[in-house]
Amino acid sequence: ALKKNGVIVLLTAEPETVYGRVKNGQDRPVLKGRMSVEGISELMEKRRPAYESAASFSVATDGRTPREIAEEIAQKAEWVCGKDNLWNTD
């Protein structure tokens, strides 16, 4: 349903990367009791099929700058939608 209205980007990262990003946070209730690389990995595997089926495309974020990630998203979105349709707001 969402794909009909736009592009859905799945940002991916290895469980170790995700853990490094969230380990000091207290605002991740879904990770309560799972705040480990193993817990994150289990949750990611459980959710992967739904996320992948909903996504227009995915972009790996491990070891990349926000600019590199944004450039890949823009390039892939242009490829998926066509340059003329990507920025059409009608």
Side-chain angles (χ1 to χ4, degrees):
L2 291 174
K3 282 186 193 179
K4 288 175 19 180
N5 295 321
V7 176
I8 300 173
V9 181
L10 172 59
L11 300 175
T12 65
E14 294 297 320
E16 295 81 5
T17 301
V18 174
Y19 178 73
R21 292 174 181 168
V22 302
K23 67 183 176 187
N24 296 320
Q26 301 298 318
D27 57 344
R28 304 281 179 169
V30 75
L31 292 177
K32 191 171 187 158
R34 295 184 191 173
M35 190 57 85
S36 66
V37 172
E38 296 79 18
I40 290 169
S41 181
E42 289 173 11
L43 186 60
M44 289 172 70
E45 285 305 311
K46 181 178 175 183
R47 293 180 170 189
R48 183 181 315 277
Y51 289 170
E52 287 178 350
S53 68
S56 303
F57 58 86
S58 64
V59 174
T61 63
D62 295 289
R64 301 176 73 192
T65 66
R67 180 182 203 97
E68 291 169 331
I69 296 164
E71 287 173 353
E72 183 174 344
I73 291 169
Q75 181 182 39
K76 286 184 172 181
E78 210 170 271
W79 180 76
V80 167
C81 298
K83 190 172 189 170
D84 295 335
N85 293 326
L86 183 60
W87 306 111
N88 184 358
T89 57
D90 294 337

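No experiment lies behind these values; they were computed from the predicted model shown. Reckoned from all heavy atoms, side chains included, excluding hydrogens, waters and symmetry mates. Positions are given from 1 along the sequence.
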Quiz item: In Å and rounded to the nearest 0.5 Å, what is the CD to CD1 distance from E78 to I73?
Solution: 13.5 Å
Quiz item: Of all residues at least two apart in sequence or in a different chain, which pass the salt bridge (Lys or Arg N to Asp or Glu O under 4.0 Å) check with E38?
Solution: none
Exercise. Just grab all the salt bridge (Lys or Arg N to Asp or Glu O under 4.0 Å) pairs involving residues 64-75, residues at least two apart or on different chains.
Key: R64-E72, R67-E71, E72-K76
For residues 9-24, which side-chain N or O atoms pair as donor and acceptor with protein atoms under 3.5 Å away, sequence neighbours left out?
unit_1	atom_1	unit_2	atom_2	d
T12	OG1	V59	O	3.4
T17	OG1	D62	OD1	2.4
R21	NH1	T61	OG1	3.3
R21	NH2	T61	OG1	3.3

Quiz item: R28: what forms a side-chain hydrogen bond (donor to acceptor under 3.5 Å, both in side chains) with it, not counting sequence neighbours?
Solution: none
